[in-house]
Amino acid sequence: MINYEYEETESKNVKPKGEGWEFWGMRKTPTEEKAVWRRDADVYGEVTQ
Amino acid sequence: MKIAGKDPNGNVKGVAVTENGEVKVQQTGSIVEEIVIPREIRNGESPRYGRIPPEGAIGCIIEHRIYGITGTFANDEGARLQLAFMRTWGDTTIGPWGFVYTDWGVNLSSTIQQAIIMYPGINANMIEPRGGSIILAMKPISPIRLTIQIKGQFEEGEGFDSEVSIRWLLGGA
């Protein structure tokens, strides 16, 4: 399985900053609705050390 | 005795083992940590995974690590952890004698944690659980079985990208 990392934005017309993001789907609850994006963390993940 | 979980159809699911047949765990000092339910995107109930508390375990922290969520959820929908207490004799995959559930959650672990904490003497009144987490003032006294339960409406490929870990707290940890 791909090691995904995720970001959420207010709509599918708004893409997260950075490269490699693909739209996965919507997360809809009674109180909010978010567009969910994902990318391969092993390819695009930030180096922290 | 190693426990193999079972899927809802009753098929046995094996646990990750070394070449010597021992369950894979990571031990750091007096804490033993392992991934019990492997990371996967699910939109339905996971198979059931069993564990026997290691010798000397006086507590544990079970965490549902939710990395990403898509789907449509009403109130009382989302994902929750089911913890089952299994019998202590003979075939320890038989049971359970009791259940504990977290609340249904639709939040990422980057914002709210969904966990079950077992530790004797912990004063649950001092802690306000978030994300439907559960605090049990008890030792892990019997074999357990863990399951991710999921409710919601999903398009193809949508669901919860998550895994479940357990940290056994040993001795004086």
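Residue numbering restarts at 1 for every chain, and letters A, B, ... go by the order of the sequence lines.
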For a side chain to side chain contact (heavy atoms under 4.5 Å, CB included) check, start with the C-alpha distance between A:E8 and A:V36, then their side-chain angles and the critical distance, and finish with the verdict.
CA-CA 5 Å; A:E8 294 186 337; A:V36 183; 3.9 Å; yes
Any residues in residues 17-31 of chain A near chain B, with a heavy-atom distance under 4.5 Å, and which are they?
A:W24, A:G25, A:M26, A:R27, A:K28, A:T29, A:P30
B:D103 versus B:R80, closest heavy-atom pair with distance:
O-CB, 3.4 Å
On a heavy-atom basis, which atom in B:T102 and which in B:A115 lie closest, and how many Å separate them?
CG2-O, 4.0 Å
Please check if any side-chain donor atom of A:Y6 sits under 3.5 Å from a side-chain acceptor atom of B:D161, or the reverse.
yes
Can you sort out the partners of B:E40 under salt bridge (charged side-chain N to carboxylate O under 4.0 Å, His left out), two or more places apart, ordered by chain and number?
B:R42
Who passes side-chain hydrogen bond (donor to acceptor under 3.5 Å, both in side chains) against A:E10, sequence neighbours left out?
A:K34
So what's closer than 4.5 Å to chain A heavy atoms on B:E158: side chain, backbone, both or neither?
both
At a heavy-atom separation under 4.5 Å, does A:E33 approach chain B through its side chain, its backbone, both, or neither?
neither
Sequence neighbours excluded and cut-off under 3.5 Å, please list the side-chain donor-acceptor pairs for residues 104-111 of chain B, or say none.
| unit_1 | atom_1 | unit_2 | atom_2 | d |
| --- | --- | --- | --- | --- |
| B:S109 | OG | B:H64 | O | 3.2 |
| B:S109 | OG | B:I66 | N | 2.7 |
| B:T111 | OG1 | B:L108 | O | 2.8 |

